[in-house]
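To start, the structure under review is shown below, and the notes come after it.
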Amino acid sequence: MNKIKFDELGLKESVLHAIQDLKFEYPSDIQEKSIPVSLEGFDMIGQAQTGTGKTLAFGAPILSRMEKPSGKVQAIILAPTRELAIQVGEELERIAKYEKIKILPIYGGQSIDRQISSLKRGVDIVVGT
């Protein structure tokens, strides 16, 4: 079997560098099938088991398509729970390691004033519940 590598999927060089730092060489099935579709700008729905890299599957194309940090919200990611919003935010931070992207998880149980203040200071990606 001739498995495709991440560097063949069309991701931005800085995103690829972060993925390599995470020691990932080959994409999972969900990543291999979804990344090219997302990079072309198509909407899609994907389903895969826990631990298969779904966050990287949608996060890497989002980061690769962003021109440059603007301090204005360019992407909103919705998660069903606070814990998952935090987890997605943390994973996106790892993938965006070489970008100057600001990612903000927003969820209940935190000071709304602090979250609004963070939004006003400038955020590129919001992960919320």
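All values below come from the heavy atoms of this structure, side chains included, with hydrogens, waters and symmetry mates left out.
One finds the CG atom of Leu92 at 12.0 Å from the CG atom of Leu104 (value rounded to the nearest 0.5 Å). Separating the OG atom in Ser28 from the CD1 atom in Ile35 is a distance of 7.5 Å, to the nearest 0.5 Å. In this structure, CD1 in Ile106 is found 12.5 Å from CD1 in Ile86, a value given to the nearest 0.5 Å. Rounding to the nearest 0.5 Å gives a distance of 10.5 Å between NZ of Lys102 and OG of Ser70. Atom OG1 of Thr129 sits about 13.5 Å away from atom CD1 of Ile77, to the nearest 0.5 Å.
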Let me see the working for Lys97 and Arg94 under side chain to side chain contact (heavy atoms under 4.5 Å, CB included), right down to the final yes or no. CA-CA 5 Å; Lys97 169 180 180 174; Arg94 285 188 280 276; 5.9 Å; no

Give the C-alpha distance, both sets of side-chain angles, the deciding distance and a yes or no for side chain to side chain contact (heavy atoms under 4.5 Å, CB included) between Leu9 and Leu16. CA-CA 10 Å; Leu9 294 176; Leu16 274 175; over 6 Å; no

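The heavy-atom pair separating Ala57 from Ser34 by the smallest distance is CB-OG, 3.4 Å.
Side chain of Lys12 to backbone of Met66: a donor-acceptor contact under 3.5 angstrom is found. No donor-acceptor pair under 3.5 Å is formed between the side chain of Lys68 and the backbone N or O of Glu99. With hydrogens and angles disregarded, no donor-acceptor distance shorter than 3.5 Å links the side chain of Ser117 to the backbone of Asp113. At distances below 3.5 Å, at least one donor-acceptor pair connects side-chain atoms of Glu8 with backbone N or O atoms of Lys5. With hydrogens and angles disregarded, no donor-acceptor distance shorter than 3.5 Å links the side chain of Asp124 to the backbone of Val73.
For the pair Asp29 and Thr52, the minimum side-chain heavy-atom distance is 4.5 Å or more.
A 6.0 Å sphere centred on NZ of Lys54 holds more than 12 heavy atoms belonging to other residues, nucleotides or ligands.
Glu83 pairs by the salt bridge (Lys or Arg N to Asp or Glu O under 4.0 Å) definition with nothing, not counting sequence neighbours.
Hydrophobic clustering (side-chain heavy atoms under 4.5 Å, transitive across Ile, Leu, Val, Met, Phe, Trp, Tyr) groups Leu22 together with Val88. Placement of Ile19 and Tyr26 in two distinct hydrophobic clusters is found when ILVMFWY residues are connected by side-chain heavy-atom separations under 4.5 Å, directly or transitively. Under the 4.5 Å side-chain heavy-atom criterion for grouping Ile, Leu, Val, Met, Phe, Trp and Tyr, Ile103 is not connected to Tyr107 through any hydrophobic cluster. Both Leu39 and Leu63 belong to a single network of hydrophobic side chains, linked directly or stepwise wherever heavy atoms of I, L, V, M, F, W or Y lie under 4.5 Å apart.
Phe6 pairs in a side-chain contact (heavy atoms from CB on, under 4.5 Å) with only one of the listed residues (Gln20, Gln31, Glu25, Glu32), which is Gln31.
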